[in-house]
Amino acid sequence: MRLIESRATLLLTYAILTILLVITLFPIALLVLNSVKPAAQIIQNPLALPETFRWDNFTRAWNDARFGTTMLNSAILSGLTIVLVCTTGSLTAYVLARRKIKSWKIVTFYLLATTTAPIQLFLFPLYFGFARLGLINNAVAVSVVYTAIWSPFAVMLLRTYFLAVPKELEEAALIDGATHWQVFTKVMLPIVSPGILTVALIIGLYSWNEFLIATTFLQRADTSTAIVSFFLLSGQYSSDWGEIMAAALIIVLPVIILFVLLQRRFIEGMAGGSVKG
Amino acid sequence: MHRLYLLPTLLINVVIILVPAMLTIALAFFRWDGISMPVFIGLGNFHALWADRVFWTALTNNIIWTLLFLTVPIGIGLLAATLLLVARRGSMFFQVIYFLPMIIATAILARVWQGMIYSPVSGVNGMLQRMGFPTLDPLTQPSTALIGIATVDLWHWWGFLCVIFFAALRQVPQEQVEAARIEGASFWQMMRYVLLPGIRPTITLMMIMTVIWSFLVFDFVYILTQGGPAFSSEVLSTLAYRSAFYDLAVGKAAAVAVIISIFGLIATAFYIREQAREFDQ
């Protein structure tokens, strides 16, 4: 769709788009640039190119934020959450896509409503309850909390994938003598696997980045996530901003690489998930 | 048989969200420090909040935040989305970059802005000061702290809206656009009478979500200022969090949470109505 062909308009369009591009990239560029600079040079001029490359910012960041432990914790937590959300979510989405009965509608709207509930509405009893049950500093418990919060999103996204599968396929398998469970695992799941991959990516990203729940429930140094240990490292008074930016880059780099490789999936998942519920 | 498939999701949801939410509503009428027996005090927590200056600051800040986010990022997002439609070439590239801040952890974005931009020591702000510009660190001034935080959130948020609006704009029926072109519509007339009405459902939905999310805002406030200086940037969610975990006034925190939820509930009612409309199609 060509709206306007005048060159001046086109030029102005690209000028504005480029300004917005620069504004978007400026803080991210500062992050990358200053991660290799000594603290003294950052204080002099955060915009200048590095005179000397301080690669040891990364080794110090790795040690001070205990990334050896905390990155592993984050990876385990993300992995657990992905598995929980994908298994429970695909089961629910399958049913909600296939049945058109009144009570399924109630389930759908209940799930939609919980996506808009503020975390503070359930955080406090949950915290004190978990504390009593000894579930603080427990990655499995936190992944269950994440699953509760994000599975409605996963269900709504996966439901659209299940809806796209022709009903005849399912009926044919049933006539051939497959059980409902076999239809679900052998016929449906392989077809909707692109949807499950999208959900896994988004849920992985969300749990990798999550702050509020992680900082509340994973307090001990050996159980905290990379984000929380970054938060603690960067909150100290004698801050070496070169080291902090290096720590930030270590956490962000795998995310950015995945995003560049699978941008379409990320954007469709995140944007589609919130537009379509 | 099929009913069982719903069980895991519903069970987790009820145990983690519904039951604790009910308990929070009950707790709002009790005084509780998280350890000893809760004491029933009726509307005591709400009376205390009514008289609490910080609560009113927080509520006002949430309302300012909502108004800000209903206008600025939606405006920039719409502008950028229509420009992408005009530009066409390179639109995918611009889109991906605009979206980029959304995938970076809020804790990291907050620290980058704090240390590299706002800080009078290590940030661009400090450099400007040394060059003689009278710039201040917005986060340390009571009058500007909230705007300083909102700027970071706006910066990371508008690109997401742009992507959503751009996707919606591309789905406006081609015939309508062609018809308007043949009638000799100018760009602004095209916007006003064809494109904006075409994506109205999307804009409405985003506005409803903005209201809901504006009352949930937590990360950037908690990390950048902890609600300070002098509670000037406090919002309801940080007030609730601080009450529960720092002051051990869990009843008061629960009361604040209930108030946040009431605002959310109103917006949610609209949200579900919009979704139900889409669902029936």
Side-chain angles (χ1 to χ4, degrees), chain A residues 1 3-4 13-14 16-17 20-21 24-25 27 30-31 34 42-43 45-47 88-89 91-92 94-95 99 107 109 112-114 116-118 120-122 124-126 128 144-145 147-148 151 180 205 209 211-212 227 230-231 234 241 244 248 251-252 255 259 263 266-267 271 274-275 277, chain B residues 1-2 5-6 8-9 12-13 16-17 20-21 23-24 34 80 83 85-87 94 96-99 101 103-108 111-113 115-117 121-124 127 159 163-164 167 177 187 190 202 209 212 216 218-219 237 240 244 250 253-254 257 260-261 264 268 271-272 275:
Chain A
M1 172 173 34
L3 288 175
I4 283 187
T13 300
Y14 278 109
I16 298 173
L17 287 175
L20 289 171
L21 190 83
T24 306
L25 285 178
L30 283 178
L31 188 170
N34 289 308
I42 297 174
I43 289 170
N45 183 352
L47 298 174
T88 63
L91 280 169
T92 305
Y94 171 53
V95 177
R99 304 285 133 157
V107 173
F109 289 145
L112 275 177
T114 60
T116 60
Q120 276 80 6
L121 186 62
F122 51 90
F124 311 126
L126 200 61
F128 291 103
V144 174
V145 177
T147 304
S151 60
H180 277 288
L205 176 75
N209 284 348
F211 175 72
L212 170 56
I227 286 293
F230 166 81
F231 170 70
S234 56
W241 281 97
I244 294 169
I251 298 177
V252 166
V255 175
F259 178 66
Q263 18 163 305
F266 271 99
I267 292 179
S274 76
V275 170
Chain B
M1 183 61 205
H2 274 108
Y5 288 19
L6 291 172
T9 301
I12 291 175
N13 199 290
I16 300 294
I17 295 179
L23 286 173
T24 302
L83 291 179
L85 208 59
V86 173
F94 281 110
V96 168
I97 301 289
Y98 294 159
F99 199 83
I103 61 149
I104 300 177
T106 48
I108 288 176
R111 288 300 192 216
V112 170
W113 274 79
M116 299 292 99
I117 293 174
V121 181
S122 55
V124 175
M127 208 182 72
V163 168
I164 286 179
V177 178
F187 174 73
M190 184 79 88
T202 308
M209 295 312 286
I212 295 173
L216 306 188
F218 178 85
D219 287 13
S237 65
V250 186
I260 301 175
S261 307
T268 306
Y271 170 66
I272 291 199
Q275 291 286 299

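Source: prediction; values computed, not measured. Proteins come first, then strands; the chains are lettered A, B, ... in the order of their sequence lines, and each starts at number 1.
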Sort [X] into side chain, backbone, both or neither according to what part of it lies under 4.5 angstrom from a heavy atom of chain B.
{"X": "A/T13", "value": "both"}
{"X": "A/N34", "value": "side chain"}
{"X": "A/I42", "value": "both"}
{"X": "A/F231", "value": "both"}

Side chain from CB out, backbone as N, CA, C, O: work out which of these in [X] comes under 4.5 Å of a heavy atom of chain A, or both, or neither.
{"X": "B/I12", "value": "both"}
{"X": "B/F218", "value": "side chain"}
{"X": "B/V112", "value": "both"}
{"X": "B/M116", "value": "both"}

Check your understanding: Are A/T24 and B/F99 close enough, and set up right, to give a side chain to side chain contact (heavy atoms under 4.5 Å, CB included), and what steps lead you there?
Key -> CA-CA 9 Å; A/T24 306; B/F99 199 83; over 6 Å; no
Evaluate the criterion side chain to side chain contact (heavy atoms under 4.5 Å, CB included) for residue pair B/R111 and A/L31; output intermediate values, then yes/no. CA-CA 10 Å; B/R111 288 300 192 216; A/L31 188 170; over 6 Å; no
Margin query: Once you measure the plane-to-plane angle for B/F94 and A/Y14, does it fall in the parallel (<30°), tilted (30-60°) or perpendicular (>60°) bin?
Written below: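 The arrangement is tilted - the two ring planes meet at 30° to 60°.
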Can B/I104 and A/I251 be said to form a side chain to side chain contact (heavy atoms under 4.5 Å, CB included), step by step? CA-CA 9 Å; B/I104 300 177; A/I251 298 177; over 6 Å; no
Sort out for me which residue in B/T24, B/I260, B/L216 forms a side chain to side chain contact (heavy atoms under 4.5 Å, CB included) with A/L121.
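Checked B/T24, B/I260, B/L216 against A/L121; only one passes side chain to side chain contact (heavy atoms under 4.5 Å, CB included): B/T24.
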*Gap between atom OH of B/Y5 and atom NE2 of A/H180 - 0.5 Å precision*: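 Going from NE2 on A/H180 over to OH on B/Y5, the span is 7.5 Å.
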With no hydrogens and no angle check, is any side-chain donor or acceptor of A/N209 less than 3.5 Å from a backbone partner on B/I103?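 Judged by distance alone, yes, a pair lies under 3.5 Å.
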Of all heavy-atom pairs between A/Q120 and B/A257, which one has the smallest distance, and what is that distance?
->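 Nearest pair, atom of A/Q120 first, then B/A257: O-CB, 3.4 Å.
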Exercise for review: May I ask you to name which of A/G89, A/S151, A/A248, A/P125 has the most heavy-atom pairs under 4.5 Å with chain B?
Suggested key: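 That would be A/P125.
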